[in-house]
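Only one structure is covered here, and it is reproduced in the block below.
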Number of protein chains: 2
Amino acid sequence: MESSDLRNAGLKVTLPRIKILEMLENSDARHLSAEDIYRRLIEMNEDVGLATVYRVLTQFEAAGLVRRHNFEGGHAVFELERGPHHDHMVCLDSGKVIEFVSEEIEEIQQRIAAKHGYDVEEHSLVLYVRPKNRVAGKVGKG
Amino acid sequence: MESSDLRNAGLKVTLPRIKILEMLENSDARHLSAEDIYRRLIEMNEDVGLATVYRVLTQFEAAGLVRRHNFEGGHAVFELERGPHHDHMVCLDSGKVIEFVSEEIEEIQQRIAAKHGYDVEEHSLVLYVRPKNRVAGKVGKG
DNA sequence: TTCGGTGCAAATACTTTGCACCAGA
DNA sequence: TCTGGTGCAAAGTATTTGCACCGAA
């Protein structure tokens, strides 16, 4: 299981690390802030400090286990790094985060960067969206 | 000149506001942090407070005069809102910010959001890039 | 046993706010 | 004049760091 991930990252297998990893794996919301994780662990009577959560998440990020996103709203959110790259859509009404993949956009990005003499090392694409207002459309029938 | 922009935004035309607007217009770097603007104004012997710079920039953003970006690095940067929408490329080596426009990407974004039942209200696309390493290519001739 | 890991509190970085005074309309 | 604007200092918020103790290897 996940202990091996920690070992591979050169990190000792400790309780807080395991708990945080589990939280990211099992949580319904795939995108959690440090505070979110901390609060949930406290509720589960796990005796961790917020500082440790931050430290562990930063280490996980460095190890490639999690990815950090700076969506609007002041605080960073973290998600488990699983599978291939994807981008995000954040609903401005509900706060819901939706993941999506677009090969097309990836390619265009590379092309644009290349045109300027650069390679894309990393990128951040976030769509801030709102549910479509169907009433306004031609097919107004709700 | 820019006084009218302030008036239209319902803002009194005051010295700090004019100075900050001028700074954003005339600065070589089109993307400045609050701290950048503050420091430069102080150097020009303009007696402003950092809090005022933040306040004014926030008001300008609300008025649609400037746009705020949260690139990596902790602090927000502001740029004058001129012309149509564009995205950004940030060089990880030099910190240089390059603007670009891609109709294609805009369209694909709309399409993807629509597919999920959303409208794109706002979006943020930043490419973190590095100068192309020509030595590594097949055409290794530097 | 040993050294990395941890909790706590204090420190930091960026940004916002309270308040008395100042200045533009 | 009168209200919004401003500088300063203090308060916030998100995150990091110092330090003594603890626990995995």
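FYI, side chains are in, hydrogens and waters are out, and symmetry mates aren't considered; it's all heavy atoms of this structure. Here the structure is a predicted model, which means the values were calculated and not measured. Every chain is numbered from 1, with letters handed out A, B, ... down the list of sequences.
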Check your understanding: Closer to the 5' end of DNA chain C via nearest nucleotide, is it V48(A) or F78(B)?
Key ->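 On the 5' side of the pair lies V48(A).
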Check your understanding: Which of the following nucleotides, dA9(C), dG5(D), dT16(C), is nearest to the side chain of T58(B)?
Key -> dT16(C)
Study note, to complete from the structure: Testing dG5(C), dA9(D), dT16(D) for proximity to the side chain of Y54(A), the answer is dT16(D)
Inter-residue atom distance [X].[atom1] - [Y].[atom2], 0.5 Å rounding:
X: D87(A); Y: H123(B); atom1: CG; atom2: NE2; result: 11.0 Å
X: R67(B); Y: R82(B); atom1: CZ; atom2: CZ; result: 13.5 Å
X: D47(A); Y: L15(A); atom1: CG; atom2: CG; result: 10.0 Å
X: I98(A); Y: Y118(B); atom1: CD1; atom2: OH; result: 3.5 Å

Check your understanding: Base, sugar-phosphate, or nothing: which does A76(B) touch, judged by heavy atoms less than 4.0 Å apart?
Key ->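 Result for A76(B) = sugar-phosphate.
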Atom pair distance, as rounded to whole Å: [atom1] in [X] and [atom2] in [N]:
X: Y38(A); N: dA9(C); atom1: OH; atom2: C1'; value: 12 Å
X: N70(B); N: dT15(D); atom1: CG; atom2: C1'; value: 15 Å
X: L41(B); N: dC8(D); atom1: CG; atom2: P; value: 13 Å
X: I18(A); N: dG5(C); atom1: CD1; atom2: P; value: 13 Å
X: D47(A); N: dG5(C); atom1: CG; atom2: C1'; value: 14 Å
X: E72(A); N: dT13(D); atom1: CD; atom2: P; value: 19 Å
X: F60(A); N: dG5(C); atom1: CZ; atom2: C1'; value: 12 Å
X: H75(A); N: dG12(D); atom1: NE2; atom2: P; value: 20 Å

Practice item. Look at R17(A) and dA24(D) and indicate whether a side-chain polar atom (N or O) is within less than 4.0 Å of OP1 or OP2. Key: no
Exercise for review: Establish, yes or no, whether a centroid distance under 6.0 Å links the rings of F71(A) and H69(A).
Suggested key: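 Under 6.0 Å, so yes.
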Practice item. Look at the side chain of R55(B) against the base of dG4(D) and say whether a donor-acceptor pair falls under 3.5 Å; ignore hydrogens and angles. Key: no
Practice item. Is it possible for you to say whether V13(B) and L57(B) belong to one hydrophobic cluster, with membership spreading through side-chain heavy-atom contacts below 4.5 Å? Key: yes
Exercise for review: Can you sort out which residues in residues 7-16 of chain A have a heavy atom within less than 4.0 Å of DNA chain C? Ascending by number, please.
Suggested key: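 Heavy-atom contacts with DNA chain C come from K12(A), T14(A), P16(A).
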Check your understanding: Taking all atoms of both residues into account, what is the closest heavy-atom pair of A34(B) and V53(B), and its distance?
Key ->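 Smallest interatomic distance, heavy atoms only, reads O-CG1, 3.6 Å.
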